[in-house]
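What follows is a set of notes on a single structure, which appears directly below.
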Amino acid sequence: MALLNSILPIVILLIFALLFRYLVQYLRRNNNVFSKKLMWFLSGYLLLLIIATFISIFIPKHELTKHKEAFESKVAKEISQFKNDLLQGNLQQIDSNLIKSSYEFEWKENVLQIQEIQNQFLEMPIYIEEKERNDHLIEAMMYTSKHYYQDIDITDEIKPIEMELRDNTLFITLVRSEIKLSKMTAGFPIRQFTGESVFNDHNDSIGQSVIYIKVPKGVKIENEDNFNITYVEKLKKSD
């Protein structure tokens, strides 16, 4: 893609030059005031393209790449720290603004089932922390790291999940986030010489959302194989 973006301006310039050559021949056969004005206009545009082509050689295109790589590195570190805090149970280290939803349920049973209410595969990771004592209380939260679309922060647009406890089952309802963004980009001729891709980029959003459940001591998850579950306490004990 980088190679294509670098040679595309030259290819386009050659195409313009060929079209200009044939157009000049046509205008000379139709020698009138309008034809002369049009020829002067096209000559100026072609000259502008030639100048822009040489100027583009000195444009530091790598700066755009460096900015993108630095941003992606920053986001990767944020998500890595977010996951590490969850794995270690260090919830106090996570910004409280990243809690999308929070529920508490009284619980006196020894076994808990989890069910996605729409019977769809729940891809969102679930972290289970077993408390040090049986306080007969289940605490369930949805955490989300910072979410970005390209370099736009869309964290506030992520919808919270809904949870309900009935019949010894914790029901989880996913709420899909529909995000509409408008982005202004330079026109095709300008992008030829700025190093910006002349093709539309359709990058997925970057971010991580998880469900974190604290269960009383001794409570087991019955259908854990149906979900992407990580036990926080087990990781702690293995240190």
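Because only heavy atoms are used, hydrogens play no part in the values below, and waters and symmetry mates are left out as well, while side chains stay in. If you're wondering where the values come from, they're calculated on a predicted model, not measured in any experiment.
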(message) Side chains of E162 and V175, heavy atoms from C-beta outward: is any pair under 4.5 Å?
(response) yes
(request) Please tell me if the side chains of M124 and L174 come closer than 4.5 Å, counting only heavy atoms from C-beta onward. (result) yes
(message) Between E130 and K214, does any side-chain N to carboxylate O distance fall below 4.0 Å?
(response)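 Answer for the salt bridge query: no.
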(message) Assess whether a salt bridge exists between R166 and E164, defined as any Lys/Arg side-chain N lying under 4.0 Å from an Asp/Glu carboxylate O.
(response) yes
(message) If we count only N and O atoms by modelled type, under 3.5 Å, do the side chains of T155 and D153 hold a donor and an acceptor together?
(response)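 D153 and T155 do have a side-chain donor-acceptor pair below 3.5 Å.
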Which atoms form the tightest heavy-atom contact between [X] and [Y], and what is the distance?
X: P216; Y: I138; value: CD-CG1, 3.9 Å
X: L87; Y: V232; value: O-CG1, 3.4 Å
X: V111; Y: E222; value: CG1-CB, 3.4 Å
X: M163; Y: A140; value: SD-CB, 3.5 Å

(request) Apply side-chain hydrogen bond (donor to acceptor under 3.5 Å, both in side chains) to T144 and list each qualifying residue two or more places apart in sequence or on a separate chain. (result) H147, S209
Once rounded to the nearest 0.5 Å, what's the spacing between atom [atom1] of [X] and atom [atom2] of [Y]?
X: S102; Y: M142; atom1: OG; atom2: CE; value: 12.5 Å
X: Q208; Y: K83; atom1: CD; atom2: NZ; value: 4.5 Å
X: E116; Y: F171; atom1: CD; atom2: CZ; value: 10.5 Å
X: I152; Y: E157; atom1: CD1; atom2: CD; value: 11.0 Å
X: N168; Y: Q115; atom1: CG; atom2: CD; value: 13.5 Å
X: K108; Y: H136; atom1: NZ; atom2: NE2; value: 7.0 Å

(message) Using a 3.5 Å distance criterion without hydrogens, assess whether the side chain of S80 forms a donor-acceptor pair with backbone atoms of E78.
(response)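 Side chain of S80 to backbone of E78: no pair is present.
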(message) Does E106 have more than 12 heavy atoms from other residues, nucleotides or ligands lying within 6.0 Å of its CD?
(response) no
(message) So for atom NZ, which belongs to K100, do other residues, nucleotides or ligands contribute more than 12 heavy atoms lying within a distance under 6.0 Å?
(response)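 Enclosed: over 12 neighbouring heavy atoms sit under 6.0 Å from NZ of K100.
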(request) Take I94 and Y143 through the test side-chain contact (heavy atoms from CB on, under 4.5 Å) and record every step on the way to the result. (result) CA-CA 9 Å; I94 301 176; Y143 283 91; 3.8 Å; yes
(request) Verify side-chain contact (heavy atoms from CB on, under 4.5 Å) between T230 and I128, making sure each step is shown before the conclusion. (result) CA-CA 6 Å; T230 300; I128 304 293; over 6 Å; no
(request) Take N84 and N90 through the test side-chain contact (heavy atoms from CB on, under 4.5 Å) and record every step on the way to the result. (result) CA-CA 8 Å; N84 286 336; N90 295 329; over 6 Å; no
(request) Scan L165, I126, I221 and name whichever one has a side chain to side chain contact (heavy atoms under 4.5 Å, CB included) with L170. (result)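 Single pass found, and it is L165.
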(message) If you apply the rule side-chain contact (heavy atoms from CB on, under 4.5 Å), what do you find for V215 with K131, and how did you get there?
(response) CA-CA 6 Å; V215 298; K131 300 180 183 179; over 6 Å; no
(request) Evaluate the ring planes of Y127 and Y212, with Trp represented by its six-membered ring, and classify them as parallel (under 30°), tilted (30 to 60°) or perpendicular (over 60°). (result)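 Parallel: the ring planes of Y127 and Y212 meet at under 30°.
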(request) May I have all residue pairs that pass ring-ring contact (aromatic ring centres under 6.0 Å, His included) and include part of residues 70-95, sequence neighbours excluded? (result)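 Listed once each, the pairs are F71-Y148.
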(request) Would you sort out whether D85 and Q81 count as a side chain to side chain donor-acceptor pair (under 3.5 Å), showing the intermediate values? (result) CA-CA 6 Å; D85 289 334; Q81 184 61 50; 3.0 Å; yes
